[in-house]
Amino acid sequence: MSELLDLARSVVDRARPGEGVEAYVARGHDTDVRAFAGEVEQLASASSAGIGVRVVLGAEDGEGRRVGFAWAGSLDPGVVDAVLADARDNAAYATPDPHVALAQPDGIEPAELDLWDPDFSAVSTGEKVRMALELEQMVRGAHPRVRQVESADYGDASVEVALASTTGIRATTRRTSAYVSVSAIAGDGEESQTGSGFSVGRAAPALDLERAGKDAVMRAVRLLGAGKVRSGRFTLVFDPRVVATLLSVLSSALSGEAVVKGRSFFAGRLGEEVATGIVTLADDPTDPRAYGAAAFDGEGLACRRNVLIDGGVLEGFVYDSVSARRAGTVSTGSAVRGGYAGTPGAGCRALALSPGELDQSGILAAVGDGVYVQSVTGVHSGVSTVSGDFSVGAEGLMIRAGALAEPVREVTVASTLQRMLQSVLHVGRDVEWLPGAAAGQTVAVGDMQLSGS
Amino acid sequence: MAVTIPPVPATPSSPGPADAPLVEPSVVEHVLAAALRRGGDMAEIFAEDRQVSGASLDDRKVEELSSGRERGAGVRVVVGDTTGFAHTADLSETGLLRAAEAAAAVARDGGDRTRVVALPARRGRPPRAEVLPSTVAKATKLELLLRADDIARATGGEITQVQVGYGDSRRRVLVASTDGVLAEDDQVRTRLSVVCVASGDTGMQTGYESVARTVGFELFDEVDVDEIARVAARRALGKLAARPAPSGEVPVVLAGGSGGILFHEACGHGLEADHIVKDSSVYVGRVGEQVASPLVTLVDDGTITGEWGNYAVDDEGRPAARNVLIDHGVLTDYMWDWLRARKQGRQSSGNGRRQSYQHLPMVRMTNTFLMAGTEDPDEIVAQTPSGVYVAKLGGGQVNTATGDFVFGTTEAYLIEHGRITEPLRDANLIGNGPEVLRRIDAVADDFSMTPGTCGKDGQSVPVGCGQATLRITGVTIGGTAA
């Protein structure tokens, strides 16, 4: 760890007078095992390391500053020198902008999070292989109608990151993670249906293979016999996994950068009622249960809890340093970056709705008749956080008399994000932290258009 | 707008002499021999040197120039049905030997044997670009961004935001295997994209257009950046007056060059042999059968110079090829990489690709397209009493096991009485591959290709998609209008 910070600092120390420099250094190790038909199909393991450097030119009180960025997938001294030189050269070409700045330490203490499982490195490769094989065999034999296990994977990764800047940022983080995932195909004659299951944790011992396997089988088998339904307006109950996906999409509209640049349907609506009163949405990376939990953000500021929608009222957005300056406010500790090859931008890590009172069966009973959406497709092509237009492919089950009934496939469900927020009928108490930037929980939304036959 | 660009000449990054291999053949031979020391059927080294540069303009400012470099190698050892893989950023003999040892961990017999690996003679390959982007001044690249921003904003007063992205990459690869492969490629790609936001009484809408080709900076001699910017702006402006798309099953006319994503999703992925050998595609066991309308002849062709999915050799060192997948509606073949082809005792079709040296290869599409038909595109619309006309498609997604797929519109109109009328808001369409392919009842002669990025199992690769104007007699569109 300390050698990564030393390297980051050594780059920062080479800043010329009047120059801002930020160095982000990361190193990781990962293992992936895929089982198929009782054999190890793939076993991959590798280490990687890299650096990303931002250089800011120009004085704070001048006409504006310019930022340049460069990265490399190597920590060799010669490469690091070249990266710094490239970033410096790139900076000379940016348009001067008074809002450009590196993060300034803001005195907020980082949360104490234990994201590094000491058991991580004690798990042998043989044990990892065994878990993938066991999961595959378990699912294959779980149900007479499971006709194929498309993939059964074990994966894990450890990542260490150090960040330093001329503004006094010094941050180091490290985390471990492990997962198993499985995709089952259930078949009945010509028909096939698929279902997936997974389990995530900080290390292999925390993984629940049985639950992952059962989930995949249950999801595939219960869709057998699915057909189209007639188009119409329905109340939809979204599966927790779908809700996590939808919250991740919604987070783009809550990015302060999108808002300040007029690319979010939330722009100009602070303080307004944008959702029903039962909707309270917060991004809290300091919650250790969150998959995206983090002590520091992508610029080295402490992550913190940010309430975005409170009782249906739009309360705030998430900002990194530059978007905050552009909007005339301060960073919310919400810079995210995609590793050493990416630059920071404003985003969420751990979004979750405040839980309601009902569990999933309670919500189904309360809804009475509608459609339960087990999974959605085409989210990247069918949802816009600029216009709010929402149209996705869906499969799931009809809800009749408060219970799950016959399966449904090849339909789309549509509305606008604006109208969906105003039509949230129930938020489940079944909060489940899933991989990604948001928690899952059952949510019912009224008045959505379903397109079928 | 006033923007100053410093008159500093760009420092061209040194690409190195084109004839220097990424790894010396003698080192390759040692490493491959070491990789099979404990047994195994095949060992392979994939070495890669990738340099990228990018620039983005947003909110009227050149926000950031970036550059990146990555260099390393992946070593693969195949033992029976098991693949071992490890990668390293260290291209020295020591680094490669370490990766070879890690990859060989799957060879369980533990024996120690001496293997002699002899590679064929090396054939270097010059970069297939007239103007290497690394030799172009940064200021010249920025001029493109600023120009696109100006043109887009001038297209309409309701354009409130413009983002322009530029990127180029040069990817040198060397693949060598104990199968007797020693191949190199030098791939240069250049792209530009424009995203506009238009704001009106009805809210905001976006428009997108891009150009991307496997060529150097000469791309901008061939394409008109102004037109890219205008098209993106018009798409956003047009949708301000758009009404909600219909819902339910309707006839759909897809414009020529509207994306071709239909075939990529409706059958392309399902024809990738990794899904076939795992029995996770609706097209398993259907070679020789009529799986589509007789109007459908579908080709995957990695050899088309300049197209976004073009290369000389794939990431397993096999030459790119032209493969007919569906011939007049009859399924003729799947797409193959080395591993899946070996299982069937046949040759790879040149479709083994990987995102980078850190990834294992798998079966991927290259440039996938429907051969043009003979009809007049205007006539196809005129003979459609009512339906939806899709001028531009966005992305899509497929479940290969069920064949169900979606694809999104980003510019669409109603067809009423055989005429294109009102603009529609974006929506996804959903269908089942084999069903939709049978419902194609007209194909026109106005073929063109578009670039895209295909994601599969966590890996992204550039692909091309193409088609002429065509009609599907019925497909479900997911709008909000009843």
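Quick note on labels: first sequence line is chain A, next is B, and so on, each numbered from 1. Keep in mind that the numbers below use all heavy atoms, side chains included, and drop hydrogens, waters and symmetry copies.
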_Lys/Arg N to Asp/Glu carboxylate O, A:E41 vs B:K343, below 4.0 Å_ = no
*Checking B:R76 against chain A: side chain, backbone, both or neither under 4.5 Å from a heavy atom?*
neither
*asked:* Whether the A:K228 and B:T476 side chains hold a donor-acceptor pair (N or O, under 3.5 Å, no angle test) is what I'd like checked.
replied: yes
*Could you give me the CA-CA distance, side-chain angles and deciding distance for B:E435 and A:E410, then say whether side chain to side chain contact (heavy atoms under 4.5 Å, CB included) is met?*
CA-CA 12 Å; B:E435 263 172 51; A:E410 205 192 325; 4.2 Å; yes
*For chain B, which residues from residues 187-196 of chain A have at least one heavy atom closer than 4.5 Å to it?*
A:S192, A:Q193, A:T194
*How long is the gap from CG on A:L223 to OG1 on B:T402, to the nearest 0.5 Å?*
9.5 Å
Donor-acceptor pairs are to be reported for all side-chain atoms of residues 44-51 of chain A against protein atoms at under 3.5 Å, with residues two or more places apart or in another chain.
| from | atom 1 | to | atom 2 | distance (Å) |
| --- | --- | --- | --- | --- |
| A:S47 | OG | A:H29 | ND1 | 2.6 |

*asked:* Surrounding CD of B:E101 (heavy atoms of other residues, nucleotides or ligands, distance under 6.0 Å), is the total greater than 12?
replied: no
_Toward chain A, the part of B:Q161 with a non-hydrogen atom under 4.5 Å_ = side chain
_Exercise: identify the closest heavy-atom pair between B:G408 and A:S381_ = N-OG, 3.9 Å
_Report which part of B:E265 has an atom under 4.5 Å of a heavy atom belonging to chain A: side chain, backbone, both, or neither._
neither
*So what's closer than 4.5 Å to chain A heavy atoms on B:T400: side chain, backbone, both or neither?*
side chain
*Does the side chain of B:T480 come under 3.5 Å of the side chain of A:Q449 through a donor N or O and an acceptor N or O?*
no
*Flag the one option from B:V282, B:T410, B:D457, B:V398 with the top tally of heavy-atom pairs under 4.5 Å to chain A.*
B:D457
*Could you tell me which portion of B:V52 (side chain, backbone, both or neither) has an atom closer than 4.5 angstrom to a non-hydrogen atom of chain A?*
side chain
*Provide the closest heavy-atom pair for B:S67 versus A:D86 in the form atom of the first, atom of the second, distance.*
OG-CB, 3.5 Å
*asked:* So which residue, A:Y340, A:W71, A:F390, A:F36, ends up with the most heavy-atom pairs under 4.5 Å with chain B?
replied: A:W71
*B:K239: what forms a side-chain hydrogen bond (donor to acceptor under 3.5 Å, both in side chains) with it, not counting sequence neighbours?*
B:D426
*Quick one: of A:S151, A:A341, A:G393, A:A414, who has the most non-hydrogen atom pairs under 4.5 Å with chain B?*
A:A414
_Leading residue by heavy atom contact count with chain A [cutoff under 4.5 Å; candidates B:T202, B:D279, B:T206, B:V77]_ = B:D279
*Side chain, backbone, both or neither: which part of B:N399 has a heavy atom under 4.5 Å from chain A?*
side chain
_Check B:E249 with A:R230, please: is the shortest side-chain N to carboxylate O separation under 4.0 Å?_
no
*Within the distance-only criterion (no hydrogens, no angle test), does the side chain of B:R69 pair as donor or acceptor with the backbone N or O of A:S74 below 3.5 angstrom?*
no
*asked:* Less than 4.5 Å to any heavy atom of chain A: does that hold for the side chain of B:N432, its backbone, both, or neither?
replied: both
_With no hydrogens and no angle check, just 3.5 Å: does a side-chain donor-acceptor pair link B:S280 and A:E150?_
yes
*Side-chain donor or acceptor of B:T82 paired with backbone N/O of A:V40 under 3.5 Å*: yes
*Salt-bridge test for B:E63 and A:R54: reply yes if a basic N is under 4.0 Å from a carboxylate O, no otherwise.*
no
*Does a donor on one side chain and an acceptor on the other come within less than 3.5 Å for A:N90 and B:S66?*
no
*Nearest 0.5 Å, what's the CE-OG distance between B:M204 and A:S384?*
8.0 Å
*Proximity breakdown for A:T343 and chain B, heavy-atom pairs closer than 4.5 Å*: side chain
*At a heavy-atom separation under 4.5 Å, does A:S264 approach chain B through its side chain, its backbone, both, or neither?*
backbone
*Counting distance only, does the side-chain N/O of A:S451 pair as donor-acceptor with the main-chain N or O of B:G248 below 3.5 Å?*
yes
_Please evaluate residues A:D76 and B:R71 with respect to the criterion salt bridge (charged side-chain N to carboxylate O under 4.0 Å, His left out), reporting the C-alpha separation (whole Å), side-chain torsions for both, the decisive distance (0.1 Å), and the verdict._
CA-CA 11 Å; A:D76 290 347; B:R71 197 179 159 89; over 6 Å; no
*Salt bridge or not for B:D59 and A:R263, using N-O below 4.0 Å?*
no
*Partner chain A: residue of B:G203, B:G84, B:G396 with the largest heavy-atom pair count (under 4.5 Å)*: B:G396
*Interchain contact, B:L360 with chain A, by part (heavy-atom threshold 4.5 Å)*: side chain
*Who among A:R233, A:E395, A:R147 has the most heavy-atom pairs with chain B under 4.5 Å?*
A:R147
*Choice from B:K278, B:H275, B:Q163, B:Q397 maximising heavy atom contacts with chain A below 4.5 Å*: B:K278
*asked:* Would you compute the distance between atom CZ of A:R409 and atom CG of B:D404 and round it to the nearest 0.5 angstrom?
replied: 4.0 Å
_So for B:D90, is it side chain, backbone, both, or neither that comes closer than 4.5 Å to the heavy atoms of chain A?_
neither
_Looking at every heavy atom in both A:Y93 and B:L65, which two are closest together, and how far apart are they?_
CB-CD2, 3.8 Å
*So, A:Q42 side chain and B:T83 main chain: donor-acceptor pair closer than 3.5 Å or not?*
no
*State whether the side chain of B:N428 and the backbone N or O of A:S391 hold a donor-acceptor pair below 3.5 Å, judged by distance alone.*
yes
*asked:* So which atom in A:G73 and which in B:A89 form the shortest heavy-atom distance, rounded to 0.1 Å?
replied: O-CB, 3.7 Å
*Using a cut-off of under 4.5 Å on heavy-atom pairs, state which of A:G378, A:S231, A:G68 scores highest against chain B.*
A:G378
*At a heavy-atom separation under 4.5 Å, does A:V411 approach chain B through its side chain, its backbone, both, or neither?*
backbone
*What pairs with B:R425 under salt bridge (Lys or Arg N to Asp or Glu O under 4.0 Å), at least two apart in sequence or on another chain?*
A:D389
